[in-house]
Amino acid sequence: MFNKILIANRGEIACRIIRTARSLGVRTVALFSDADRHAAHVAMADEAFYLGGSAPADSYLRGDAIIDIAKTCGAEAIHPGYGFLSENAAFAAACERANIAFIGPKADSIEAMGSKSAAKLIMGRAGVPLVPGYHGDDQSDEVLLSEAEKIGFPLLIKAAFGGGGKGMRIVRSLTEVKSAIDSARREAASSFGNDKLLMERYLEQPRHVEVQVFADTQGNAIYLSDRDCSIQRRHQKVVEEAPAPGLSDALRRRMGEAAVAAARAIDYVGAGTVEFLLDTHATEEDGSFFFMEMNTRLQVEHPVTELVTETDLVHWQLLVAAGEPLPLTQEQVAIKGHAFEVRIYAEDPDNDFLPASGKLNFLREPKPSRHVRIDSGVREGDEISNFYDPMIAKLIVWDESRPRALQRLQRALDDFQLTGLKHNIGFLGKIAAHPAFASADFSTDFIERYQAQLLPQAKDSAQPLPLLAKAALYEMLWRKRDSRAKQAKSQDPSSPWGSASGFRLNSAKRHDIALMDDEHHIHHLQLTELAKADSWQLTLDGQTLVIEGELSTDEAGGDTLRCVVDGHISSQRISRQGMDFTLLGRSGELSACHFRAIQNELEEEQANHADLLKAPMNGTIVTHLVAVGDNVKAGQGLMVMEAMKMEYTIAAPFDGTVSEFFFQPGELVSDGAQLLELSEQLKEA
């Protein structure tokens with residue numbers, strides 16, 4: 001076993017590797033960029049080295065610099081994690097030349113699977129089932145059009161060296177093929193630097209089922225369970241589970257043996273995943289699964305396999321890289337229970353899954369146990385940067401059966417609470433609660449098929465009265481607590497000006513509270529004190545409720561409201577930052593529970609306008625759409641910025657005149673930075 005390893009990665013996977021290495025007594029070396037100087041993986045490792053700028057090209061993709069650091073610190077091996085250099089054959093070869101063990105497959109194996117078209121030719125020779133298609137080198141229009149007609153429709157055209165859905169087109173008739181080829185080529189060349197295409201029959205509503213394989217240097221190769229990864233958006237996985245539901249023992253065995261054959265065909269060593277498309281419209285006798293690709297690294301979703309096989313795959317990686325044999329034979333692999341994994345992202349499901357960046361103001365994770373596991377690389381107060389994948393954490397659950405594991409998942413999602421940026425926890429809760437998902441009736445188009453239920457478009461501007469009652473009760477109790485704290489520090493504690501008593505001459509004590517929700521609707525709530533302590537009558541739009549409660553704070557500073565609303569007793573977790581607070585609800589509830597307590601509506605309106613002229617996240621200014629001195633109308637585009645490879649237009653919140661731009665095209669901006677000054681036009685008398 002190694003004494004010291006360097007981890008050429010960051011975030012969640014770096015922390016995951018460090019935990020296993022520490023349990024084995026192996027020292028760890030972390031790397032960090034400017035953005036990650038204070039990251040969790042840096043704090044966890046035994047030592048850490050600065051690598052470069054925040055952009056991946058300036059840091060985590062600098063293979064030569066990483067190898068130099070490994071030599072300097074005496075690391076005997078490099079673990080690449082996933083992403084970055086994990087499937088870079090040149091980097092693996094450079095490690096070999098430097099006499100540093102690469103914790104992964106040999107460079108030749110990575111290279112063999114790097115091209116989708118070449119990989120399919122190798123798999124075909126190895127007897128692995130393939131979707132009918134064309135993977136040849138002749139890329140002329142004439143050949144591609146001829147092959148498309150032979151394959152039939154619907155047809156899938158995709159980049160041979162691509163991934164993530166880029167350079168991919170679905171074609172349903174011969175007349176569409178030429179334009180699809182042209183556009184796929186352009187996108188493939190732009191995204192991957194190679195415009196080579198492959199074509200294959202497009203399977204309608206397939207499932208995405210993959211098999212975990214492992215091989216050692218002694219010639220042993222086995223498969224460890226399968227995983228279903230059909231719940232995807234834009235060809236990116238959202239929910240994974242093991243084992244894949246609904247497979248017969250015979251089909252499961254056939255897929256596992258095909259995956260091992262694929263690994264042996266390229267003399268594979270280490271952890272790998274062979275991905276298949278499972279034709280849901282075919283019978284097993286028809287040969288219903290087809291090779292899609294092989295990932296020559298540890299997968300993001302490997303924890304579900306670990307839980308159902310009771311293994312540590314990172315431990316296995318270290319053993320195999322050190323030349324030791326696999327810990328188990330195929331006959332010794334046993335599947336126990338069922339596991340789910342969901343990827344918790346900083347993104348906005350209501351806005352086409354727009355990536356988010358910002359500070360994790362409040363973070364409460366489910367309590368880890370035999371049934372619940374959290375793989376995370378962030379802590380409360382950390383920043384989610386726009387330079388890297390916006391994954392916050394992976395939530396993994398296990399139980400004896402799929403229904404029980406699904407119940408664990410739903411409860412754990414309810415207990416996973418965070419504020420400070422947009423996230424997909426509510427969206428994941430909707431998936432977990434969907435009847436079709438519960439019955440395993442799904443395919444890769446699940447999210448598209450049930451989009452209306454998972455991502456409801458219509459938003460009711462009216463907040464339910466019980467929710468507003470909780471918000472008003474919390475704000476009232478918070479003000480009383482804040483008032484007491486200020487009076488205790490005051491030189492005149494008895495002064496009525498520091499009191500939140502609500503005193504009114506010749507009438508019951510009354511409090512007027514104004515709360516603004518995320519839709520910028522302001523709710524005016526009137527609370528009249530009752531005889532019982534900390535109880536009020538709430539009046540809103542002619543409706544009344546009796547509310548009472550008490551407020552407590554945990555060690556980490558989070559508030560819990562114990563409340564009674566018209567006789568209904570419940571507890572409510574709340575996160576507060578200044579005058580903003582969030583009622584932390586159940587994961588499946590997508591309605592906004594965030595409010596801002598306001599004192600002066602005119603000041604609030606002006607502040608809201610100013611917020612709309614701030615950068616929504618870290619990014620780069622692309623262009624100005626208007627010039628200084630121009631008169632603009634509300635809603636008119638003012639400038640364009642780019643963040644996370646997407647463009648955003650900053651629009652005018654009101655009619656006005658452009659006074660000044662604070663950033664020029666090409667300049668970097670930070671989340672929340674004021675981008676320009678817009679003077680409001682004076683109305684004519």
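The pair Lys367-Asp415 fails the salt-bridge criterion, with no side-chain N (NZ, NE, NH1 or NH2) lying under 4.0 Å from an Asp/Glu carboxylate O. Between Glu347 and Lys422 there is no salt bridge, since no side-chain nitrogen of the basic residue lies less than 4.0 Å from a carboxylate oxygen of the acidic one. Between Arg169 and Glu176, no side-chain nitrogen of the basic residue sits less than 4.0 Å from a carboxylate oxygen of the acidic one, so the salt-bridge criterion is not met. Remark: Lys196 engages Asp137 in a salt bridge, criterion side-chain N to carboxylate O under 4.0 Å. Checked for salt-bridge contact, Arg379 and Asp382 meet the test: a charged N lies under 4.0 Å from a carboxylate O. With salt bridges taken as basic N to acidic carboxylate O contacts below 4.0 Å, one links Arg172 and Glu204.
In this structure, Glu400 places its CD atom where more than 12 heavy-atom neighbours from other residues, nucleotides or ligands lie under 6.0 Å away. More than 12 heavy atoms of other shown residues, nucleotides or ligands fall within 6.0 angstrom of atom CD in Glu87. Counted within 6.0 Å of CD on Gln218, heavy atoms from surrounding residues, nucleotides or ligands total more than 12; the atom is thus considered enclosed.
Using modelled atom types, one finds a donor on one side chain and an acceptor on the other under 3.5 Å when comparing Gln453 with His434. In the model, Arg227 has a side-chain atom that pairs as donor or acceptor with a side-chain atom of Thr305 under 3.5 Å. Side chains of Gln232 and Thr444: a donor-acceptor N/O pair is absent below 3.5 angstrom, by distance only. One side chain, Arg449 or Ser443, offers a donor N or O that lies under 3.5 Å from an acceptor on the other. A donor-acceptor contact closer than 3.5 angstrom is absent between the side chains of His41 and Arg10. A donor and an acceptor atom, one from each side chain of Gln299 and Glu275, are located under 3.5 Å apart.
Under the 3.5 Å distance criterion, the side-chain polar atoms of Asp226 are matched with a main-chain donor or acceptor of Ala244. One N or O on the side chain of Asn88 and one on the backbone of Phe91 form a donor-acceptor pair closer than 3.5 Å. Side-chain atoms of Thr311 do not come within 3.5 Å of backbone N or O of Leu313 as any donor-acceptor pair. No side-chain donor-acceptor contact under 3.5 Å links Tyr388 to the backbone of Met391. Arg252 contributes a side-chain N or O that, together with a main-chain N or O of Leu247, makes up a donor-acceptor pair within less than 3.5 Å. A donor-acceptor pair is defined here as one N or O able to donate and one able to accept, closer than 3.5 Å; such a pair exists between the side chain of Asp348 and the backbone of Asp350. Of the possible polar contacts, none joining the Lys106 side chain to the Ala92 backbone as a donor-acceptor pair under 3.5 Å is found.
Contact record, Cys229 with Glu301: SG-OE2, 3.8 Å, taken as the closest heavy-atom pair. Residues Arg297 and Gly83 come closest through the heavy atom pair CD-N, 4.3 Å. The two residues Asn9 and Gly81 make their nearest non-hydrogen contact at ND2-CA, 3.8 Å. The minimum heavy-atom distance linking Ile151 with Gly133 is given by the pair CD1-CA, 3.6 Å.
Residues Leu224 and Ile222 have side chains in contact (heavy-atom distance under 4.5 Å, counting atoms from C-beta outward). Taking 4.5 Å as the limit, some side-chain heavy atom of Ile266 sits within range of a side-chain heavy atom of Met113. Annotation: side chain of Tyr345 is not in contact with side chain of Ile392 (no heavy-atom distance under 4.5 Å). Contact of the Leu198 side chain with the Leu156 side chain is not registered, since no non-hydrogen atoms from C-beta on lie closer than 4.5 Å. Looking at heavy atoms from C-beta onward, Thr28 lies out of side-chain contact with Arg22 at the 4.5 angstrom threshold. Taking 4.5 Å as the limit, every side-chain heavy atom of Ile396 sits out of range of all side-chain heavy atoms of Trp398. For the pair Leu454 and Phe427, the minimum side-chain heavy-atom distance is below 4.5 Å. With contacts defined as side-chain heavy-atom distances shorter than 4.5 Å, the pair Leu428/Gln410 does not qualify.
Summarising the geometry, atom CD1 belonging to Ile431 is positioned 11.5 Å from atom CG belonging to Leu406; distances are rounded to the nearest 0.5 Å. Note that CD1 of Ile344 is 9.0 Å distant from NE2 of His423, once rounded to the nearest 0.5 Å. For the atom pair OG (Ser86) and CG (Asn295), the distance works out to 8.5 Å, reported to the nearest 0.5 Å. For the atom pair Ile13 CD1 and Leu298 CG, the distance stands at 5.5 Å (nearest 0.5 Å). Atom CE of Met123 and atom CZ of Arg125 lie 9.0 Å apart (nearest 0.5 Å). Atom NE2 of His302 sits about 9.5 Å away from atom CG of Leu307, to the nearest 0.5 Å.
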Could you walk me through whether Leu395 and Glu341 pass side-chain contact (heavy atoms from CB on, under 4.5 Å), step by step? CA-CA 6 Å; Leu395 170 62; Glu341 174 181 298; over 6 Å; no
Show the numbers, then the answer: is there a salt bridge (Lys or Arg N to Asp or Glu O under 4.0 Å) between Lys237 and Glu210? CA-CA 12 Å; Lys237 300 166 188 174; Glu210 61 189 31; 2.9 Å; yes
Could you please spell out the steps behind the side-chain contact (heavy atoms from CB on, under 4.5 Å) verdict for Leu326 and Leu319? CA-CA 8 Å; Leu326 292 176; Leu319 290 174; over 6 Å; no
Take Arg207 and Asp228 through the test side-chain contact (heavy atoms from CB on, under 4.5 Å) and record every step on the way to the result. CA-CA 7 Å; Arg207 283 172 59 184; Asp228 193 297; 2.7 Å; yes
Let me see the working for Val300 and Arg343 under side-chain contact (heavy atoms from CB on, under 4.5 Å), right down to the final yes or no. CA-CA 9 Å; Val300 176; Arg343 306 183 187 192; 3.6 Å; yes
Under the salt bridge (Lys or Arg N to Asp or Glu O under 4.0 Å) rule, what do Arg402 and Glu241 come out as? Steps first, then yes or no, please. CA-CA 9 Å; Arg402 189 176 188 272; Glu241 59 181 293; 2.7 Å; yes
Would Glu200 and Lys158 satisfy salt bridge (Lys or Arg N to Asp or Glu O under 4.0 Å), going step by step from the backbone distance to the final call? CA-CA 9 Å; Glu200 57 192 28; Lys158 60 183 177 180; 3.4 Å; yes
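With a 6.0 Å cutoff to the six-membered ring centre and a 45° limit on the axis angle, Arg254 does not count as a cation-pi contact of Phe289.
In this structure, Phe437 has its ring center under 6.0 Å from that of Phe442. Phe192 and Phe161 have their aromatic ring centers separated by at least 6.0 angstrom.
In this structure Asp312 satisfies the side-chain contact (heavy atoms from CB on, under 4.5 Å) test together with Arg16, Thr20, Glu306, Val314, His315, sequence neighbours excluded.
Under the ring-ring contact (aromatic ring centres under 6.0 Å, His included) criterion, the residue pairs touching residues 196-232 are Phe214-Trp316, with sequence neighbours excluded.
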